Every structure is written in structure tokens, then in C-alpha cells.
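Side chains are part of it too, since the values below use all heavy atoms of this structure and drop only hydrogens, waters and symmetry mates. All residue numbers refer to positions in the sequence shown, counting from 1. Just so it is clear, the model here is predicted, and its values are computed rather than measured.
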Amino acid sequence: MPRPRAPAARSISFRSPKQVVSNTDVALPLKLPIQLRAAQPEDQSFLLQVYSSTRAEELALVSWTEEQREAFVEMQFAAQQNHYASEFPQATHDIILANEQPVGRIYVARLNEEIRIADITIIPEHRNQGIGTSLIKGLLDEAVLTGKVVSVYVETFNRSVRLFLRLGFAIGEQNGINFLLRWSANGS
């Protein structure tokens, strides 16, 4: 039986701020061509790798064996996937591609009054190249067009807090070790 084809990647076009953009467009030109494609079951090992990259620093501090670390990461990854599926069943779950190579993931829930970034992660070797910034700015453009706010929960100690603050997000509240960061076109 022939293997089903993976969905085609959606090219992200760069437009001037005055042009209408869709929910997959981004506002900043990059050196790398960036695309999104829907995550597929065969992406699970890559997605686990992406998730693992977010836990590497803290796991370096524990005296577990490599097998214990892997088991912990797999358990936490599965719990996170289940949480996103139950909290945001209509969210898009995309693989971020740069030069047609997977470099990260982005989960976005388009709710009635807000665009919630459930998760955006770029693997370490592709960070600081403007990929995440461009995708977030694309969501901000979408929010302007739809009259919505953009929100994201970020751990208080996560370096990406600085990125979101630089892009105009404000700390809405602190819930345990997480900030709820919010952005709106009118700055409120």
C-alpha cells in the first residue's frame, strides 16, 4: 500500500504591513526561507528532540542516568502533548522549516478574542537567527487585522521573556513560575 503523503509546507510570504496577510504570513524578511507544515505522526521523534532541548539545562543539574533523563523527558513530552490537545483542541500544530529542514515547532490556538501561542520552540542551533521573531511578528500582524490580543505563558526564568518584552508584550500576571505575557495593538 502506498505511504500517505505528508501535507505540503505552507510558504510564508513577506508582505508590507499595509497588505492583508493570512494566518501563516510573516512580516519580516529573513535570510532563510521559512515555511510551516502541519505536524504528522512521523514527526514525533523530531518533536521529542525539540522538547528535550527545552529541558537540557535543568536536566544537566540532576544526577540521573541517561536512561532516567530520557524516560523523564518522554513522560513530560507526552504530558505536554496531552495538555495541549485537551486545552486547545483546535490549535494548529506546525513544524517550522528553514531551508526545508525542520528547525522547530509552533502551536497556535486562535480563540474568539485572542491568539494564544501555546508553544514556540526553535532548536538551539537555529536560535538567534530571527526565525521565532518573524513568526511572532506575523501573529502580531494577524492580531491587528482580526482585532485580537496575542498571549503566551512563559516561564519566568526563560530567556525568551526578553524577546516577547522587546516585541511589545507586557506581563499580564504571574502564575507560579509562569508569566502570562499579552500583546495588543493598542498597548493595553
[X] side, atom [atom1]; [Y] side, atom [atom2] - distance, nearest 0.5 Å:
X      : Y      : atom1 : atom2 : value
Thr133 : Ile122 : OG1   : CD1   : 9.0 Å
Thr54  : Gln80  : OG1   : CD    : 6.5 Å
Gln35  : Gln101 : CD    : CD    : 11.0 Å
Leu167 : Leu163 : CG    : CG    : 4.5 Å
Gln129 : Arg127 : CD    : CZ    : 11.5 Å
Ser184 : Lys148 : OG    : NZ    : 14.5 Å

Common cluster, [X]/[Y], ILVMFWY with side-chain heavy-atom separation under 4.5 Å:
X      : Y      : answer
Ile171 : Val150 : yes
Phe46  : Leu48  : yes
Leu61  : Trp64  : no
Val144 : Leu140 : yes

Non-hydrogen atoms of [X] and [Y] that approach each other most closely:
X      : Y      : result
Gln81  : His93  : NE2-CE1, 3.6 Å
Trp183 : Ala143 : CZ3-CB, 3.9 Å
Ile123 : Pro102 : CD1-O, 4.1 Å
Ala170 : Leu165 : CA-CD2, 4.5 Å
Ser53  : Pro124 : CB-CD, 3.6 Å
Leu180 : Ser151 : CD1-CB, 4.0 Å

Between Phe77 and Arg55, does a side chain to side chain contact (heavy atoms under 4.5 Å, CB included) hold up when you go through it step by step? CA-CA 10 Å; Phe77 173 68; Arg55 306 299 296 264; over 6 Å; no
Would Ile34 and Val103 count as a side chain to side chain contact (heavy atoms under 4.5 Å, CB included) if you check the C-alpha gap in whole Å, the side-chain angles of each, and the deciding distance to 0.1 Å? CA-CA 10 Å; Ile34 303 300; Val103 298; 5.7 Å; no
What class does the angle between the rings of Phe169 and Phe164 fall in, given that below 30° is parallel, 30 to 60° is tilted and above 60° is perpendicular?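 Plane angle over 60°, so perpendicular.
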Is it the case that over 12 heavy atoms from other parts of the model lie below 6.0 angstrom from the [atom1] atom of [X]?
X      : atom1 : value
Gln90  : CD    : no
Glu113 : CD    : no
Glu100 : CD    : no
Gln174 : CD    : yes

Residues Glu173, Arg182: salt bridge by 4.0 Å N-O rule: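 Looking at Glu173 and Arg182, the cut-off is not met.
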Assess whether a salt bridge exists between Arg105 and Asp94, defined as any Lys/Arg side-chain N lying under 4.0 Å from an Asp/Glu carboxylate O.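 Here Arg105 does not pair with Asp94 in a salt bridge, since their nearest N and O are not under 4.0 Å apart.
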Of the options Tyr107, Tyr84, Tyr51, which is the one that meets Asp119 in a side-chain hydrogen bond (donor to acceptor under 3.5 Å, both in side chains)?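 When side-chain hydrogen bond (donor to acceptor under 3.5 Å, both in side chains) is applied between Asp119 and each of Tyr107, Tyr84, Tyr51, only Tyr84 qualifies.
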Quick one: does [X]'s side chain get under 4.5 Å of [Y]'s, heavy atoms only?
X      : Y      : answer
Asn178 : Val154 : no
Ile177 : Phe157 : yes
Asp43  : Arg37  : yes
Ile96  : Thr121 : no
Arg110 : Leu139 : yes
Ile131 : Leu135 : yes
Arg69  : Phe72  : no
Val73  : Leu59  : yes

Check: Ala71 main-chain N/O paired with Glu74 side-chain donor or acceptor under 3.5 Å: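 No, the answer is negative, given that no donor and acceptor are paired below the 3.5 Å cut-off.
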